[in-house]
Amino acid sequence: MMNLTVRDTLLQKATDLKIIPTLNGIINKVFHILGNKNSSFNDLCDVVQYDQAISSKIISIANSAYYSRGVEIFHLQRAMLTIGFEEIKGIVTCLLFMDNILKKLKLKEEDLFGLWEHSIKVACAAKILSERMLIEDPQKIYTVSLLHDIGKIVFYLGVENYGALVREAERNRQDISVLEKQSFGIDHQEAGYIISIKWKFPDYFGHVIRRHHEKGYAGAYAPLVNIVNAADQFLLFPENVNTSEGLILQKEKNGITREMEKIMNFLQLV
Ligand SMILES: [Fe+2]
Ligand SMILES: [Fe+2]
């Protein structure tokens, strides 16, 4: 009975979620760009591509009926071009303002950083896999991978000490989505899927978000889901390398680390 109540609360939170918090380091960088009249569209794109919060909202807005005209938009840059630079600046300013309010709620910066770091690593790894295996568009894979764990935000906001549960699962080599289902009757895949529907993400985003913990998934958008699953599993359990995707990623491990360092330096997060 208790599980049902927690599940209902988390389902409600996923349905009601309006924005996702942004790391303070990224906020500073974005403010700097917005405050500089010589900043260009590309300057803003360069930062936004590393941020789940702003990327997800821009993808969501670009896919709204007003902008999309029925065509799914999954490239972040394309989404930004569709909306327009001045509009984007307004949206970002508004998001940063709301972010300030959200931060006053429950989320710890250290938890947000953990989620962000994991998501970027999965995005870099999945993009490399896509390039090496010639499966799907690498940029498309990058954006969806950045958002694959978006449902975890609902747990960070709705469950006391969720960050500790995530760290414990990692230490014990357990699948967090199984633990979530056992403890709360819902996992971050389901919560994320609700967000993807509410925010009108492209259809395949919803499939990746909903199924990325499913090994050997064979349903719709299977190549995409399986690449994100392979990248995610490799980063969570690098010792379990026994698939061709895992072997490719093991070879590319230094490349992923270097890319990560480059991003951290660029965003001044080191
Ligand atoms: Fe996940
Ligand atoms: Fe993940």
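Atoms within a ligand are numbered from 1 in the order they appear, just like the ligands themselves.
- Note: Trp199 and Phe201 have perpendicular aromatic rings, judged against thresholds of 30 and 60 degrees for the angle between ring planes.
- Excluding waters, the set of protein N, O or S atoms lying under 2.8 Å from the Fe ion (ligand 2) comprises His118 NE2, His148 NE2, Asp149 OD2, Asp232 OD1.
- Figure legend: Arg210 and Tyr193 shown as a cation-pi pair, the cationic atom lying under 6.0 angstrom from the six-membered ring centre and within 45 degrees of its axis.
- Under the rule for a side-chain contact (heavy atoms from CB on, under 4.5 Å), the partners of Asn172 that lie at least two apart in sequence or sit in another chain are Glu168, Gln174.
- His213 contributes NE2 and His188 contributes NE2; the angle these two atoms make at the Fe ion (ligand 1) is 90°, rounded to 10°.
- For Asp111 and Tyr162, the side-chain atoms include no donor-acceptor pair closer than 3.5 Å.
- His213 and Gln189 are not linked by any side-chain donor-acceptor pair at a separation below 3.5 angstrom, with hydrogens and angles left out of the test.
- Side chains of Glu136 and Ser130: no donor on one and acceptor on the other come within 3.5 Å.
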